[in-house]
Amino acid sequence: MREQPWRRFVLIFTIANNLLRLHYFDRSGLIISRPVDILKNPVRLLEVLNTLTLAHTNNLGYDPTMHMCDPACKGSHADLRENAIGWIENHDKSHLSIMSTSDGTEFALKDCWVAEDKKNHEVTVLKMVEGIPNVVKLVAHWDVLYDGEPDCTYRIRASHGVCTSGFIRRFHRRLLLTPCGEPLVLYSSKLELLRAFHDFVSAHSLMLASHVLHGDLSPNNFIIHDGQGYFIDFDHARIIVEGAVSAPSEGTGTRPYMSIRLLREGIAKGATIQHTASDDLESLFFIFVEFATTFDGPRGFMKDEGRRPLWVDKFETSGADPWLAKQAYVLAPPNDSSLMEKTTSFFAPFSQIIQEWRHLILGAASNPSDPPPLTALLNKWISQLSKLPVDAPTEIMVPMASSSRLGHPPHDDVRSSAGARRSMRIQQRVS
C-alpha cells in the first residue's frame, strides 16, 4: 500500500495446497478469507479469474482521482505539464500534474489515510505554525471523494461486505504543501547540512512559541529546499496548552531518535509521559550524530554500503532497554570522546560540534523543561566552516531517493502504522 498510492485497496488471491484464499488490504489493515477447495469448487476459481480480468479497475481498488501514466498513454494528456508521469484530481476537479522533474513553481502533495480522530489534526497544526520560516506551508487540503462521498475504509469495506468492526476507520485526505524539497539526506555539503540543522533549531523555537511540538523527529521528517532546512509531516505533533512547557505523550515516536528520557520512561506501553522541547532537540542531536557517523560525502554517499547507522544498530541490539546504549555515549563524563571518534573522515570537522552539543544535553538532563542554547553553538560552527574550502566532489556519488537508507524502523505507534503516507512533486498547468 505504501508503494501504490493510487490504490484504495488491494485484492490478492493465493492458491496453496489446492486452497484458494482472498487477501484484502486497505489502509486499516488486512483480512484473509476462509479457504475454498478449488477441486471441490472449480466454478469459484473461474469466478475469481473472471473478476480479476473483467472487473472495472475501480472495483479492483484503483483510485479514480489519481492516474499514473503507462507507456501507452504517456504524453497523450493535453491538460498536463510536459514530462508529467500522471495526474491527481484537485479539490476543484482540475488535474494537477505529477512530475518526476520539472521547473517553475512546485508543490508537494501529501496523500494520506488518516484515522478518524486525527482527521483534521495536521491541518490544525499547520495553521498554528503558518508564517514560521523553515516550516512547510499549507496551500490547500481536501477530502478525496469517491462516488460523491468522502473516501474512507469503512465505506470500502461495507461496499464489499467485509468486516467493518474492531478497526480504525481511516479517511482519504490530500494536503497541498510548499516548498517541494529533497530529503535531508541529499545535503550538498557539510555547511549546507549544518545550516539546515540551524534552521531546524530556529524553527523549533518559533513553533514552541506557537504552542506546537513536532514530537516525531527523524530524518524522514525534514527536507532541504534552496539550501534551507524545513520541517514536514506534523501527523504526530503535540499542541501545548497555554502556560505549559510540555505535552502529554504515550511514549511513541521513531525509536532510534527518541530522547533517552522518553525511551526510559515510556517503555511501559500505555504509560503517559510529558514530551518537552528538550526531547525534540535531543532527537535532533541523534539525527546529527547519525549523519556524521554514517556518510562519507555529500548526498548520502557511503564508501561502505554495509555500514550500520549507529542508533539503528544500537536500537536493534539493545533488547528491552533501548536507552542504555544512548545513555552510555551521551551521558558519559564530559571528557569522554567516544562519539567524537566515530565520525567518518568526511565529517571529522563535526566531531567537536558533537562534543559541545553533548555537553549541552548533559546540562539539560537535570532540567528537561529548559531547552539547551543550541543556536549560539551552531552559529559559531557555521562561521568556522564557512572559512574552510568547499567540499570536493566525491568520486562515486550515490544519490538517494529517500532517507530510508538509514534503515530506521517505522514510527512506534501501532495506531498509525497502517496509515500510509506519500508525498509527490506536482505542478499546476500554466496556460
(request) Keeping to residues at least two apart or across chains, list the salt bridge (Lys or Arg N to Asp or Glu O under 4.0 Å) pairs with something in residues 118-130. (result) K110-E122, K119-D143

(request) Find out whether V185 and P219 are in side-chain contact, i.e. whether some heavy atom of one side chain is under 4.5 Å from a heavy atom of the other. (result) no

(message) Counting the benzene-type ring for Trp, do F200 and F231 have ring centres under 6.0 Å apart?
(response) yes

(message) Any donor-acceptor pair under 3.5 Å linking the side-chain atoms of Y154 with those of E116?
(response) no

(message) Once ring pair (Phe, Tyr, Trp, His ring centres under 6.0 Å) is applied, do any residues pair with H198, and if so which ones, sequence neighbours excluded?
(response) none

(request) Measure the CG-CG distance between N120 and L126 for me, rounded to the nearest 0.5 Å. (result) 12.0 Å

Compile the donor-acceptor pairs under 3.5 Å between side chains in residues 55-62 and protein atoms, sequence neighbours left out, one pair per line.
residue: H56; atom: ND1; partner: N58; partner atom: N; Å: 2.9
residue: Y62; atom: OH; partner: R7; partner atom: NH1; Å: 3.4

(message) Please check: side-chain N/O of S28 versus main-chain N/O of I168, any donor-acceptor pairing under 3.5 Å?
(response) yes

(message) Side chains of D216 and D233, heavy atoms from C-beta outward: is any pair under 4.5 Å?
(response) no

Listing, residues 133-141 side-chain donor-acceptor contacts under 3.5 Å, not counting sequence neighbours, or none:
residue: N134; atom: ND2; partner: Q228; partner atom: OE1; Å: 3.3
residue: N134; atom: ND2; partner: G229; partner atom: O; Å: 3.0
residue: H141; atom: ND1; partner: R173; partner atom: NH2; Å: 3.1

(request) Kindly compute the distance separating CE (M128) from CD1 (I240), expressed to the nearest 0.5 Å. (result) 9.0 Å

(message) Between K314 and E290 (salt bridge meaning N to carboxylate O under 4.0 Å), is one present in this structure?
(response) no

(message) According to side chain to side chain contact (heavy atoms under 4.5 Å, CB included), who are the partners of D92, at least two apart in sequence or on a separate chain?
(response) N90, S94

(message) So, using ring pair (Phe, Tyr, Trp, His ring centres under 6.0 Å) as the criterion, who are the partners of F171 when residues are at least two apart?
(response) none

(request) Please check if the distance between the ring centroids of F346 and F295 is under 6.0 Å. (result) no

(request) Kindly give the heavy-atom pair with the smallest separation between M258 and K326, and that separation in Å. (result) O-NZ, 2.5 Å

(message) Using 0.5 Å steps for rounding, measure from the CG atom of D151 to the CG atom of L145.
(response) 8.5 Å

(request) Cation-pi check, R8 to Y146: give yes when NZ or CZ is under 6.0 Å from the six-membered ring centre and within 45° of the ring axis, no otherwise. (result) yes

(message) Within the 4.5 Å heavy-atom criterion, are Q274 and P248 side-chain neighbours or not?
(response) yes

(message) Once salt bridge (Lys or Arg N to Asp or Glu O under 4.0 Å) is applied, do any residues pair with K303, and if so which ones, sequence neighbours excluded?
(response) none

(request) Please report the shortest heavy-atom distance between I223 and G181, naming the atom on each side. (result) CD1-N, 3.6 Å

(request) List the atom of Q355, the atom of R358, and the distance in Å for their closest heavy-atom pair. (result) OE1-NE, 3.0 Å

(message) Less than 4.5 Å apart, side chain to side chain, heavy atoms only: is that true for I88 and W6?
(response) no

(request) Go through the side-chain N and O atoms of S259 and E282 and say whether any donor and acceptor fall under 3.5 Å apart. (result) no

(message) A side-chain contact here means heavy atoms from C-beta on lying under 4.5 Å apart; do N220 and I232 qualify?
(response) no

(message) Could you check whether H77 and H67 have their ring centres less than 6.0 Å apart?
(response) yes

(request) State the CZ-CZ distance between R170 and R27, to the nearest 0.5 angstrom. (result) 10.0 Å

(request) With sequence neighbours excluded, tell me which residues meet ring pair (Phe, Tyr, Trp, His ring centres under 6.0 Å) with F286. (result) W311

(request) Output the distance between atom CG (D79) and atom CH2 (W87), rounded to the nearest 0.5 Å. (result) 8.5 Å

(message) So, using side-chain hydrogen bond (donor to acceptor under 3.5 Å, both in side chains) as the criterion, who are the partners of S189 when residues are at least two apart?
(response) none

(request) Please name all residues satisfying side-chain hydrogen bond (donor to acceptor under 3.5 Å, both in side chains) with S283, sequence neighbours left out, ordered by chain then number. (result) none

(request) List the steps, then state whether side chain to side chain contact (heavy atoms under 4.5 Å, CB included) holds for Y24 with L11. (result) CA-CA 5 Å; Y24 172 95; L11 302 177; 3.4 Å; yes

(message) Are I132 and S210 packed together at the side-chain level, in the sense that at least one heavy-atom pair is separated by less than 4.5 angstrom?
(response) yes

(request) Using the side chain to side chain contact (heavy atoms under 4.5 Å, CB included) rule, take I287 and Y257 through it: C-alpha gap first, then chi angles, then the decisive distance, then the call. (result) CA-CA 7 Å; I287 298 169; Y257 312 107; 3.8 Å; yes

(message) We want to know whether T65 and R174 form a side-chain donor-acceptor pair, criterion being a heavy-atom distance below 3.5 angstrom.
(response) yes

(request) Run through D313, T293, D296 and flag the one making a side-chain hydrogen bond (donor to acceptor under 3.5 Å, both in side chains) with R307. (result) D296

(request) Please name the pair of heavy atoms, one in H121 and one in A237, separated by the smallest distance, quoted to 0.1 Å. (result) NE2-O, 2.8 Å

(message) Which residues pass the ring pair (Phe, Tyr, Trp, His ring centres under 6.0 Å) test with F285, not counting sequence neighbours?
(response) W357

(message) Could you tell me if T276 and D279 have a donor-acceptor pair between their side chains, going purely by distance under 3.5 Å?
(response) yes

(request) Would you give the length of the straight line joining atom CG of N221 to atom CG of D235, rounded to the nearest 0.5 angstrom? (result) 7.5 Å

(request) Check side-chain hydrogen bond (donor to acceptor under 3.5 Å, both in side chains) between H214 and all other residues, then give those that pass, not counting sequence neighbours. (result) none

(request) In sequence, state the C-alpha distance, the side-chain angles, and the governing distance for L184 and F291, and then conclude on side chain to side chain contact (heavy atoms under 4.5 Å, CB included). (result) CA-CA 10 Å; L184 179 62; F291 275 57; 4.0 Å; yes

(request) Please find out if less than 6.0 Å separates the ring center of F222 from that of Y230. (result) no

(request) For L80 and A84, work out which heavy atoms get closest and say how close. (result) CB-CB, 4.0 Å

(message) Which heavy atom of T343 sits nearest to which heavy atom of A348, and what is that distance?
(response) OG1-CA, 3.9 Å

(message) What verdict does the side chain to side chain contact (heavy atoms under 4.5 Å, CB included) test give for L378 and L194, after you've listed the backbone C-alpha separation in whole Å, the side-chain angles of each residue and the deciding distance to 0.1 Å?
(response) CA-CA 7 Å; L378 295 177; L194 188 58; 3.8 Å; yes

(message) Quick check: do S205 and T375 have side-chain heavy atoms less than 4.5 Å from each other?
(response) no

(request) Ignoring hydrogens and angles, state whether a donor on the side chain of S338 or D336 is under 3.5 Å from an acceptor on the partner side chain. (result) yes

(message) Between H172 and D111, is there a side-chain heavy-atom distance shorter than 4.5 Å?
(response) yes

